[in-house]
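Since the structure comes first, as structure tokens, the remarks are kept for the end.
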Amino acid sequence: MIDKEKFLLKSYELGIIKFGEFTLKSGIQSPFYIDLRPLASSPSLLKELSELLLEEIQEPNYQLICGVPYAALPMATAMSLESEIPLIIKRKENKGYGTKKMLEGIFTVGQTCLLVEDVITSGKSLFETIEEVEREGLKVKDIVVVLDREQGGIELLNEKGYKVHKLFSIQNVIDILYKNNLLKEKEVLKIKDFLNGNSLAISKKPRLKYEEKKELQEHPVAKKLLSIAIEKKSNLIASLDVTHTSEILDLAKKIGDYVVAIKLHTDILTDFSVDYINELKSIAQEKNFLLFEDRKFGDIGNTQQLQFELGIYKISDWADLITSHVIAGENSLNVFSENIGVVTIAEMSSKGTLTDVTYKQKAIQISEKNSKVIGCVAQSSLPDSLLLFTPGVNLDSKGDSKGQQFNTPEKVFREYYTDFIIVGRGIYKSANPVEEAQKYREEGWRFYEATL
Ligand code: 6AU
């Protein structure tokens, strides 16, 4: 067994902890600074560290090891060599060419991955890594960290059900250094004072109310949608992906009171007509909901304009909201009319979607700049200036055989702070669509209020 104290003292000699006055990334003045990267310059210490970290997990139950980039990469590599458990590598950013994967290495869906982190403060980098790893279908149960700055990160991770094992806390380090005459009492007191007054925990701020969001929105359709939500106490958008106009009209009459909008894929209808659209418009007016055409435009601006205004559907004549990809760049959105709210597709719900973190960030940038865009379809939180529409919501199913992945209303409100849930088969395929629409409306509103 390696002696932890001796290991720490040897590491200290490498300069992994410095005392004095340091400005942290957050702007805070700290009396100490930790940088574990020099450990990689001592192969013998790195090897000892890997053994210590592996010993921390008393009941190992993982098939893969992954280090949070970059500082923990050599540590995770050393642990993999020591334990003969395969390593996977998480990229900090997508390389933009080749396979564009965020996780490199050989793994299969359902495997459990141990995460390794050098220093934990608020846990922000770990949460980002967990999101990427879980998105690839891997499970995260255990996390091992070398040093806990005791500023709230571990508690947040524990709350979410992750088990965090730490080799040292900053208190341990200070005690060991003091005992070995490497720190003076005055310095110890200064550090303890700093630790007591500085909790950087990223406690989640409450979400904005629909009333507050309405203030932030300039677009009349966004304001209208939010007004309907407030009035009806509903954030439910029903996606009626059926193929006959009579079915849509029938469902619209039955569930119209419970929804803020009905989402359509008009190009799947076998009997589209102008009369149908007129009738649907009058139901929408009577029941106070908007018409949301999920056309997902994805072409150059000129073609999108033709698809939007012409053809047999003439979407521009009747839709209140439309969806559009941003794949063709920001100018492709200029063709949509001012009176229609554009919802961009920033992140898709399906397994293996190409809309990774980098894509989503770029889609958000485009959306924030364009006054026609009122929000995005996404599976994670957005800036407050954009409304978040989340499809892939279902109370009874985890997904389908064609790639769709479902979440519950509770998850999308609690974790993403979504604004509107989009429910398709959960309603129109059920034996009693009216009951289900009421149920989704109640659940959606309950969890919206729970996160305020
Ligand atoms: O609840 P479902 O799976 O029966 O229906 C989900 C609806 C479908 C999809 O075309 C749409 O939501 N959708 C979208 C949207 C709204 O743009 C994006 C996405 O990523 N996933 C998704 O399911 O009509």
Side-chain angles (χ1 to χ4, degrees), residues 135 221 225 235-244 247-248 251-252 255 258-269 289-299 304 307-308 313 315 319-327 333 336 340-357 359-360 363-364 367 373-382 386-412 416 418-431 433 436-437 439-441 443-444:
R135 185 167 299 173
V221 174
L225 190 65
N235 42 50
L236 172 63
I237 296 178
S239 182
L240 301 185
D241 303 338
V242 292
T243 53
H244 291 96
E247 290 175 87
I248 295 190
L251 282 164
I255 65 166
Y258 314 115
V259 299
V260 291
I262 280 187
K263 191 176 76 62
L264 305 156
H265 284 290
T266 301
D267 55 5
I268 64 175
L269 287 172
F289 62 79
L290 300 185
L291 292 184
F292 187 177
E293 171 57 25
D294 190 6
R295 174 61 181 79
K296 289 191 189 69
F297 294 94
D299 214 313
Q304 293 196 153
Q307 291 166 330
F308 177 58
Y313 307 122
I315 297 167
D320 300 299
L321 296 145
I322 51 142
T323 49
S324 179
H325 287 290
V326 289
I327 188 85
L333 300 177
F336 302 122
I340 288 181
V342 178
V343 177
T344 56
I345 311 290
E347 191 181 17
M348 294 201 69
S349 60
S350 45
K351 190 168 175 317
T353 175
L354 302 183
T355 55
D356 60 14
V357 177
Y359 183 95
K360 186 190 163 198
I364 290 174
S367 305
V373 178
I374 67 163
C376 307
V377 167
Q379 298 292 324
S380 48
S381 50
L382 291 180
L386 292 166
L387 297 176
L388 172 54
F389 297 80
T390 305
V393 173
N394 198 303
L395 284 162
D396 303 320
S397 169
K398 287 259 159 268
D400 64 17
S401 59
K402 300 169 215 167
Q404 178 67 304
Q405 303 178 112
F406 287 125
N407 287 310
T408 59
E410 174 166 10
K411 175 161 175 171
V412 302
Y416 317 158
T418 198
D419 292 304
F420 297 100
I421 49 172
I422 297 178
V423 183
R425 283 163 284 184
I427 293 175
Y428 74 81
K429 276 268 190 202
S430 76
E436 290 305 303
K439 193 152 105 191
Y440 279 98
R441 174 185 155 259
E443 286 275 290

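Each ligand, and each atom within it, is numbered from 1 in the order the structure gives.
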### Query
Does His325 have any side-chain hydrogen bond (donor to acceptor under 3.5 Å, both in side chains) partners at least two apart in sequence or in another chain, and if so, which?
none
### Task
Search all heavy atoms of Tyr440 against all heavy atoms of Ile421 and return the closest pair with its distance.
O-CD1, 3.9 Å
### Query
Quick one: ring pair (Phe, Tyr, Trp, His ring centres under 6.0 Å) partners of Phe406, sequence neighbours excluded?
none
### Query
Centroid-to-centroid, Tyr258 to Phe289, below 6.0 Å?
no
### Task
Select all protein residues for which some heavy-atom-to-ligand 1 distance is less than 4.0 Å, and list them by chain and number.
Ser239, Asp241, Lys263, His265, Asp294, Lys296, Ile345, Met348, Ser349, Val377, Pro391, Gln404, Phe406, Ile422, Gly424, Arg425
#### Entry: NZ/NE/NH1/NH2 to OD/OE distance under 4.0 Å, Asp400 and Arg425
yes
Between side-chain atoms of residues 373-382 and protein atoms elsewhere (two or more places apart, or another chain), which donor-acceptor pairs fall under 3.5 Å?
| residue | atom | partner | partner atom | Å |
| --- | --- | --- | --- | --- |
| Gln379 | NE2 | Pro391 | O | 3.0 |
| Ser380 | OG | Glu347 | OE1 | 2.7 |
| Ser380 | OG | Lys360 | NZ | 2.6 |

